[in-house]
Amino acid sequence: MASDLKVRWPQFKFEKADLIWEENPEVSMEWNAMSTSAPIVEPWLNRVMTRCRKEIHESRPDLKADIDDFVRQESNHYRMHESFNVFLEQQGYTIPKHFDEEFEAELRDLLKTKSIAFLSAYCAGFENYTLFSSQFLFEDARDLFKEGDGGIGDLWLWHFAEEYEHRKVCHDVYAHIAGNYFTRVYGLVYSFWHLSKHVNRRIKHFLELYRASMTPEQRQASEQRHKAYQRRYLKFFVPRMLQILIPYYDPGKAPPSPGLEEALGRYTAMSEPAAAAA
Ligand SMILES: [Fe+2]
Ligand SMILES: [Fe+2]
């Protein structure tokens with residue numbers, strides 16, 4: 001059985017990109033730092049979903065097919081982020097090795113010590129975060145994320161358009177395997193806390209690198225711009241977060257944001273068919 005997800009592999013090239021790809025440099029640095037998390041988190045999501053697949057009842061081949069394409073989409077995401085992260089390193093934006101090691105070790109520990117119900121609830125929580133971020137990109141922040149800006153705007157728009165597309169896979173897997181409301185909320189809250197802890201230290205590190213040669217006045221202006229962006233993001237994000245707490249919340253019902261389906265069409269047209277099917 002085929003899923004409704006489409007696996008795309010558009011080829012973005014970053015060698016001509018400007019790391020400050022947005023007029024607001026702090027926004028650029030925040031999202032550049034987030035890119036360094038993708039090759040750690042997304043393979044882990046795939047490992048959890050692959051483990052969950054073994055627990056799916058034979059009567060749900062649709063869910064198994066969804067997991068298969070979810071894994072393919074996420075694999076393409078982190079492979080493309082790895083390519084961008086090499087470019088970041090070439091420009092001097094390197095994440096300290098122990099940041100990666102600690103993040104990976106904690107995720108490994110979760111795999112060893114937590115139940116499949118908790119692990120799938122963690123994944124569902126994370127996928128809600130990416131759904132809301134997709135809505136932020138397409139509904140609120142089109143002034144920030146533009147196609148054709150050396151590949152970086154396209155990288156995020158493609159990635160988060162597909163996050164919208166597979167928004168309900170982990171949620172449905174969790175509902176099939178466990179479904180308990182309290183475990184879902186626990187996994188959700190835990191995933192937000194855990195991921196924020198690791199992502200925020202990366203953002204702080206990149207902003208420190210960016211601000212290294214600034215005068216006190218420039219630094220103050222930079223901090224103010226960043227705070228203004230964070231307020232904008234939270235204003236969009238927090239009301240959406242609260243709706244996840246409703247017992248019958250279903251991310252599958254979220255309508256596509258304006259322009260999202262057109263973007264998916266463009267990225268399908270840009271894809272290399274052989275790699276997309278891999
Ligand atoms: Fe992804
Ligand atoms: Fe995802």
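Every number for a ligand or one of its atoms is a count from 1 in the order of the listing.
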**Q** Over 60° means perpendicular and under 30° means parallel, so tell me whether His77 and Trp158 are parallel, tilted or perpendicular.
**A**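 His77 vs Trp158 ring planes: perpendicular.
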**Q** Any pair with a residue in residues 41-66 that passes ring-ring contact (aromatic ring centres under 6.0 Å, His included), sequence neighbours left out, goes on the list, sorted by first then second residue, please.
**A** Trp44-Tyr122
**Q** Distances under 2.8 Å only: what protein N/O/S atoms are near the Fe ion (ligand 2), ordered by chain and residue?
**A** Glu74 OE2, Glu127 OE1, Glu127 OE2, Glu163 OE1, Glu163 OE2, His166 NE2
**Q** Going by the rule salt bridge (charged side-chain N to carboxylate O under 4.0 Å, His left out), which residues pair with Arg60 if we only count those two or more places apart in sequence or in a different chain?
**A** Asp62
**Q** Should Gln11 and Lys13 count as side-chain neighbours, where that means a heavy-atom distance under 4.5 Å?
**A** yes
**Q** Who are the salt bridge (charged side-chain N to carboxylate O under 4.0 Å, His left out) partners of Glu102, not counting sequence neighbours?
**A**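 With sequence neighbours excluded, Glu102 shows a salt bridge (charged side-chain N to carboxylate O under 4.0 Å, His left out) to Arg201, given in chain and number order.
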**Q** Under 30°, 30 to 60°, or over 60°: which ring-plane class applies to Tyr229 and His226, parallel, tilted or perpendicular?
**A** parallel
